[in-house]
Amino acid sequence: MKNILVYYFAILVPLAILFSLSQLGYIGPRDLVLLFLFYLVVYRTYVDGLRLVAKDLISKKEIWKLMLPGSRSGYIRELYFETEMETEKEA
């Protein structure tokens, strides 16, 4: 998941779906909170980990470590701002 547009699509579309389902009444407030927590803890950890693995910053075995509080803060720039071309220029 090196492409930043694909990454943003992967992290924003599930949120839009989740909140749309809530607005339409398909899921209640309790389910919304539970699904949002699942999104934050499991889904985002996995998606962020895949992006960092694709950029060769961590190994696939280290994805679980991103669940620890503050562990993603060291990768903010690589996750949200750097595209693949910017990374290649630095190398």
Side-chain angles (χ1 to χ4, degrees):
M1 191 175 314
K2 290 183 180 181
N3 188 333
I4 199 162
L5 293 176
V6 172
Y7 173 70
Y8 276 114
F9 185 78
I11 64 174
L12 294 177
V13 167
L15 278 179
I17 292 171
L18 188 63
F19 289 112
S20 295
L21 289 174
S22 175
Q23 289 294 318
L24 294 172
Y26 290 111
I27 57 176
R30 183 179 54 91
D31 295 332
L32 176 66
V33 169
L34 291 174
L35 289 171
F36 186 69
L37 287 174
F38 177 83
Y39 168 82
L40 287 177
V41 175
V42 178
Y43 181 77
R44 280 301 303 276
T45 298
Y46 185 69
V47 171
D48 290 351
L50 287 180
R51 179 158 170 84
L52 294 173
V53 167
K55 294 179 106 183
D56 292 325
L57 296 172
I58 64 171
S59 69
K60 205 162 194 161
K61 292 179 182 178
E62 296 175 317
I63 290 177
W64 72 269
K65 292 180 183 178
L66 295 175
M67 280 189 185
L68 302 174
S71 61
R72 280 182 239 190
S73 63
Y75 300 107
I76 297 282
R77 183 177 193 168
E78 291 85 3
L79 284 172
Y80 301 112
F81 302 114
E82 285 187 359
T83 62
E84 184 58 27
M85 292 189 316
E86 290 173 3
T87 307
E88 288 176 359
K89 288 179 186 177
E90 293 174 4

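Every heavy atom of this structure was used, including side-chain atoms; hydrogens, water molecules and symmetry mates were not. Along the sequence shown, the residues carry numbers beginning at 1.
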What is the distance from atom CG of L32 to atom OH of Y26, rounded to the nearest 0.5 Å?
15.5 Å
Enter the distance from I63:CD1 to K65:NZ here, rounded to the nearest 0.5 Å.
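Output value for this atom pair is 12.0 Å.
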[X], [Y]: one ILVMFWY side-chain cluster at the under-4.5 Å cut-off?
X   : Y   : answer
L37 : L35 : no
L68 : V47 : no
Y43 : L40 : yes
L34 : L18 : no

Between [Y] and [X], is there a side-chain heavy-atom distance shorter than 4.5 Å?
X   : Y   : value
R51 : L57 : no
R72 : T45 : yes
L21 : D31 : no

Heavy-atom pair of closest approach, residues Y75 and I58:
OH-CG2, 3.3 Å
How is the hydrophobic cluster of V42 composed, in terms of its other members, when Ile, Leu, Val, Met, Phe, Trp and Tyr link through side-chain heavy atoms under 4.5 Å apart, directly or indirectly?
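F38, V41, M67, listed by chain and number.
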Results of side chain to side chain donor-acceptor pair (under 3.5 Å) for S22 - residues two or more places apart only
none
Within a reach of under 6.0 Å around OH of Y46, are more than 12 heavy atoms found that belong to other residues, nucleotides or ligands?
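Check fails, neighbour count at 12 or below.
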Would you be so kind as to tabulate the donor-acceptor pairs closer than 3.5 Å made by side chains of residues 7-17, with sequence neighbours excluded?
{"from": "Y7", "atom 1": "OH", "to": "R44", "atom 2": "NH2", "distance (Å)": "3.4"}
{"from": "Y7", "atom 1": "OH", "to": "D48", "atom 2": "OD1", "distance (Å)": "2.5"}
{"from": "Y8", "atom 1": "OH", "to": "Y80", "atom 2": "O", "distance (Å)": "2.7"}

